Each structure stands twice: as structure tokens, then as C-alpha cells.
Amino acid sequence: MTGSTIAEKILAAHCGKKKVSPGEFLNVRVDLVMANDVTAPIAINEFERIGVSEVFDPQRVVMVADHFVPNKDIPSAEQAKMMKEFAREQGLVYFEVGRGGIEHVLLPEQGLVLPGDVVVAADSHTCTYGALGAFATGMGSTDIACAMATGETWMKVPPTIKFIYHGRTKKWVSGKDLILYTIGDIGVDGALYAAMELCGEAIESLPMSSRFTMANMAIEAGAKAGIFRVDKKTLAYIQARAGRPYTVYEPDEDAYYEKVIEYDVSKIEPQVAFPHLPSNTRPITEVGEVKIDQVVIGSCTNGRIEDLEMAAEVLKWRKVHPEVRLIIIPGSQEVYLEAMRRGLIETFIRAGAAVSTPTCGPCLGGHMGVLAAGERCISTTNRNFVGRMGSPQSEVYLANPAVAAASAILGRIGSPEGVVREG
Amino acid sequence: MKLKGKVHKYGANVDTDVIIPARYLNLSEPEELAAHCMEDIDSEFLSRVQPGDIIVATTNFGCGSSREHAPIAIKAVGISCVIARSFARIFFRNAINIGLPLLECAQANEIEQGDELEVELEKGEIRDITRDKIYTAEPYPDFMLELISAGGLVEHTRKALMGKR
């Protein structure tokens with residue numbers, strides 16, 4: 001009998017088995033369930049159809065107003081209101097505008113997700129929490145409704161694909177570039193149904209923010225989860241926040257991996273994903289002349305303090321190109337406050353950027369930066385599908401915060417290297 | 001159950017943003033969502049689609065967001081089932097949960113736009129009447145059959161909870 005991967009160990013521990021194998025169907029206990037203002041309304045309706053009066057544990061059900069808030073129009077206000085009322089009736093953990101932020105930045109920050117957890121939420125980027133050594137996966141509203149009622153969900157055990165990142169990253173290369181490079185290599189269904197286990201010395205040297213970014217985009221390769229090993233950096237992040245016990249799972253040395261893929265990160269440049277797939281990547285030096293109308297820095301992918309620091313390093317004492325609008329969105333109130341303390345917000349405003357309250361907003365073409373036909377945007381978000389940020393005739397390019405900031409100054413997609421060196 | 005309809009054919013990686021753009025996610029009524037189904041990938045879909053019609057695509061159908069609005073819109077517009085070489089996993093769960101049948105079929109790319117299909121769900125048999133060909137879909141695992149025969153996940157969960165009491 002072979003050993004187990006991290007994913008297999010977490011799932012086994014949540015269904016009372018010693019060992020589980022890929023392909024097996026399980027009923028697993030969940031540690032946390034979450035929905036947002038877009039997915040909660042359907043989940044609440046389905047929850048009521050089940051016919052139970054209370055959620056399994058109100059302290060383990062979280063609702064976050066983040067997608068279309070502050071409410072962009074009357075229908076979204078109705079949805080947010082429905083979620084708020086349900087959360088109040090049931091006594092759930094609820095984050096209102098002004099006290100929260102973007103769910104996947106917020107929940108780890110609040111210590112609500114911990115290593116070894118199984119987390120299911122009605123948002124595809126739930127896989128972000130894999131950065132903490134949790135098994136976290138996105139589901140639809142009906143699955144979430146049932147998980148809210150029972151505290152359990154069914155899962156098919158995914159096979160695990162191991163990604164080993166060797167070497168040292170170059171300046172301006174972040175977790176965003178490593179994950180874009182990976183998706184560019186394996187494709188948007190390269191890890192379909194699988195769990196990605198991301199490791200290697202390059203990963204060990206990445207800050208938590210970059211690990212969150214990488215786990216966040218596992219779904220863009222079709223993966224069910226993107227999981228990291230817990231190390232000193234994870235523990236340092238957790239220890240200040242955890243309010244309950246947690247378990248760290250290590251993969252067995254003889255664990256079975258469906259595939260092992262290795263990269264030498266020293267050869268990876270900052271990456272840009274061209275329209276209309278996250279896998280359509282090119283290194284920054286091969287981008288060519290791409291003029292832009294808008295730049296967005298933020299989101300559950302790149303809205304953390306380290307991301308804003310990276311952008312500020314490029315923007316400091318410089319001005320946004322006259323034909324470009326730059327929108328910067330801190331991922332949470334905590335990030336916003338810290339950015340203020342560090343003087344980043346002043347840097348952004350002096351550069352000519354609009355700074356917004358935390359919201360998913362423009363990432364999914366909701367509000368706060370929707371694109372017109374023919375407009376181009378470079379964004380630190382996660383998807384560049386047709387019409388993702390607005391008009392189906394607009395274009396979205398994905399990159400890291402430094403490349404996005406440099407592009408805002410240049411008026412075209414470009415490298416921070418040239419901008420910062422020129423002074 | 002026998003389903004019969006004309007094919008609306010698409011390629012790889014049809015994402016949930018083109019199935020139902022996020023600008024309509026402030027709506028959750030099935031008929032409101034159906035009114036915008038597929039509009040960013042195929043502006044003629046809504047004028048062409050007839051009740052019972054079938055969507056056929058190649059790989060990774062339904063990739064992207066977890067929005068259940070996507071299968072809800074497809075079902076509410078009258079599509080009887082979706083056939084593809086492969087499906088994105090969240091979309092697959094969502095469709096099964098809300099009762100939109102999906103068939104995974106390795107030869108889905110051989111079926112063309114406008115073909116007339118007859119599908120026998122229990123057998124997983126797809127008959128292309130236009131081309132006089134028969135294809136077989138991957139069978140559902142037992143666990144999923146249990147879900148489907150219970151009438152969807154909500155009913156399955158309700159039964160399970162009643163059993164515990």
C-alpha cells in the first residue's frame with residue numbers, strides 16, 4: 001500500500017477513514033462553509049427547501065458581502081439584504097461593508113481557515129486557502145445549502161499532481177508569475193478534477209501572499225484544490241490569528257502522485273496572460289506593443305499588502321500615463337489600513353490612481369471599472385475570459401502587481417525593470 | 001428518458017462568464033437568467049434555441065466561476081442536456097444538483113451544429129439522426145445515480161436528514 005498525499009490525508013481525517021484513494025466517493029465533515037452576496041441568495045432558497053430550521057453550526061457558516069458591494073444597483077441591494085437577514089436570523093459569522101473585504105483575503109486574515117481544514121464555499125476561488133495547508137474547494141449554491149444544513153458534503157477523492165519549483169526567482173517575479181507560467185504550461189484543464197500540491201525550494205522562499213495567489217489560481221487549471229505544505233512562514237501567519245486547534249498534514253514519502261511536474265524558476269520571467277484564457281501566457285519580453293486604457297490592481301488573487309507594496313515600489317514619485325486610468329483596490333479593511341499606515345495610499349493617489357474600498361467589483365465586470373467595447377485592461381485578477389470585465393468586445397490581460405503598475409505608467413504593457421531603472 | 005433536439009455546437013473551454021455574464025448575477029430567477037444565456041459567445045443562440053435542444057461542446061465545458069446561475073440559465077432556456085468531451089468540475093456538480101443532465105462523450109467533437117440528436121439518458125446512448133451514428137456516453141458512478149434518482153441533491157439531503165431523526 002502506498003502512502004498518502006496531503007489532500008488524501010485531510011479527506012481521510014474528515015470521514016473517519018485511515019486511508020482514502022483517488023476516485024473514491026466520500027461523505028466528509030466540513031470545518032467551514034461560506035457564501036457571498038452573489039451565491040448566497042440561491043443557497044438560502046435551496047436551504048429553505050431542505051426543510052431544516054437551523055444551520056449545522058452558526059460559528060462555522062460565514063457570509064461575506066463582497067462581489068457587488070457597496071451595492072451597485074437595486075437588484076444587488078436586494079441580494080445583499082437577503083443574505084444579511086438570513087445571517088442575522090441564523091446568527092452566522094457575517095461581514096458587512098466596511099468591516100470585511102474580499103472573502104479570500106478576509107477569511108485567512110481573520111483566522112477562520114486553518115491548516116488541515118476542509119472548507120467548501122460558493123465561490124470558485126475558495127481554493128485560495130490551500131496556501132494554509134487546508135483542503136478548500138469551490139462549489140455551487142445548492143452544494144453549499146446542503147453543507148450548511150448538514151455540516152457535510154460529498155466528494156470524490158482527487159488524484160494529486162505534484163509541482164516542484166526549483167531555483168531562485170528573479171526580481172519582479174512573484175507567485176502570480178509562477179502560477180501563470182504553470183497554467184500556460186499545462187492548460188486551463190491541465191489539472192482538471194485533480195489536487196495540485198505545490199512545493200520546492202522556490203515555494204519555501206515565497207511569502208504567504210504569493211502562496212495565496214498561487215493557490216487562488218489552481219481553479220484556472222481546472223483543479224479541485226491547490227495545496228501547500230505548512231512551514232515556518234505558514235505557522236507565523238497562523239499563530240497570530242488562530243482561535244481554535246488545527247492539524248498539520250505532511251505528505252508521505254511514498255505517496256502516489258498522478259504526475260510530477262518540475263520547473264526551474266530562475267528561467268521564468270514575469271508573465272502576461274493574453275485574452276481570452278489564463279493559459280495564453282507570454283513572458284514580459286515577448287509581449288510587444290499593447291496599449292492599454294485601464295489597469296486594475298487588487299482582487300482575491302493580488303489584493304494583499306505585499307501586492308500593494310510591490311505596486312507602490314513602481315509607482316512612487318511617478319505618474320500614471322495620461323491616457324490610462326489606474327484603479328487600486330485593497331483586498332480587505334485590514335489591508336487598506338496597513339496600506340495607509342505605510343503611506344502606500346498617498347503614493348497611489350499622488351500617482352493619479354483611484355483607490356476603492358474593498359470589493360470584487362471590476363474583476364467580474366460588476367462595477368468600479370467595467371470596460372467599454374474596444375477597451376483594453378491589464379489586471380492583477382484571475383480571469384480574462386470574453387466579457388469578463390465588461391463588454392464582450394473588451395480585452396483583459398493578466399499580470400502581477402509590479403507589471404500592472406509599470407504598464408499604468410507606460411500606457412502600454414511593460415516591465416517594471418525599465419520603469420524603475422529609468423527613475 | 002428519451003431526449004430529442006437540435007444541436008448548438010461550441011468548442012473548448014466554454015466558460016461560465018459567457019454562459020451567463022456576471023453583469024446579470026444580480027438576478028437569480030431562472031427565466032431572467034435564461035434571457036441572457038450564451039449571449040456573449042453566440043448572439044443568435046436565443047433566437048435559434050427550441051425547447052429540447054442540446055448543447056454539444058468539446059473539452060472543459062463550464063470552466064471558471066462556481067455560479068450555479070450558469071446551469072440554471074441553460075436549463076431554463078429549454079436545453080434538455082449538455083454533451084461534451086469533458087466538463088469543469090464545479091459546473092458538473094452544479095448541473096447534476098439542479099437536474100440538468102450532462103453526458104461525457106469522447107466523440108462529442110464528431111457531432112455538428114444543427115444535427116438532430118436522440119439521447120437515452122439511462123443507457124447513455126446518443127443517436128445522431130442526421131449522421132446516422134450512435135455514440136455512448138461515460139456511465140455515471142453509482143453515487144451520482146443515487147443523487148439523480150433521488151431527484152437532486154436537496155431531495156437526497158432531505159431524505160438523509162430524515163433518516164437520521
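As the structure is a prediction and not an experimental result, all values here were calculated from the model.
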Exercise for review: Heavy-atom distances under 4.5 Å only: say whether Phe68(A) touches chain B with side chain, backbone, both or neither.
Suggested key: side chain

Check your understanding: Under 6.0 Å from the CD atom of Glu120(B), do we count more than 12 heavy atoms belonging to anything else shown?
Key -> yes

Check your understanding: Between Gln393(A) and chain B, which part of the residue has a heavy atom less than 4.5 Å away: side chain, backbone, both or neither?
Key -> neither

**Study point:** Heavy-atom proximity to chain B below 4.5 Å, by part of Arg49(A)
**Key:** both

Review point. Does any heavy atom of chain B fall under 4.5 Å from the side chain of Ile42(A), the backbone, both, or neither of them?
Key: side chain

Exercise for review: Would you mind reporting whether Asp123(A) and His67(A) have side-chain heavy atoms less than 4.5 Å apart?
Suggested key: yes

Review point. Heavy-atom distance under 4.5 Å to chain B: side chain of Asn382(A), backbone, both or neither?
Key: neither

Point to revise | Check ion pair Glu24(A)-Lys17(A) (N to O, under 4.0 angstrom) | key: yes

Point to revise | Parallel, tilted or perpendicular: ring planes of Phe92(B) versus Tyr140(B), cut at 30 and 60 degrees | key: tilted

Review point. Counting only heavy atoms not in Lys6(B), do more than 12 fall under 6.0 Å of its NZ?
Key: no

Check your understanding: Side chain, backbone, both or neither: which part of Lys156(A) has a heavy atom under 4.5 Å from chain B?
Key -> neither

Review point. Given that the side chain runs from C-beta out, which part of Ile219(A) has a heavy atom under 4.5 Å from chain B: side chain, backbone, both or neither?
Key: side chain

Exercise for review: Below 4.5 Å from any heavy atom of chain B, which atoms of Leu277(A) appear? Answer side chain, backbone, both or neither.
Suggested key: side chain

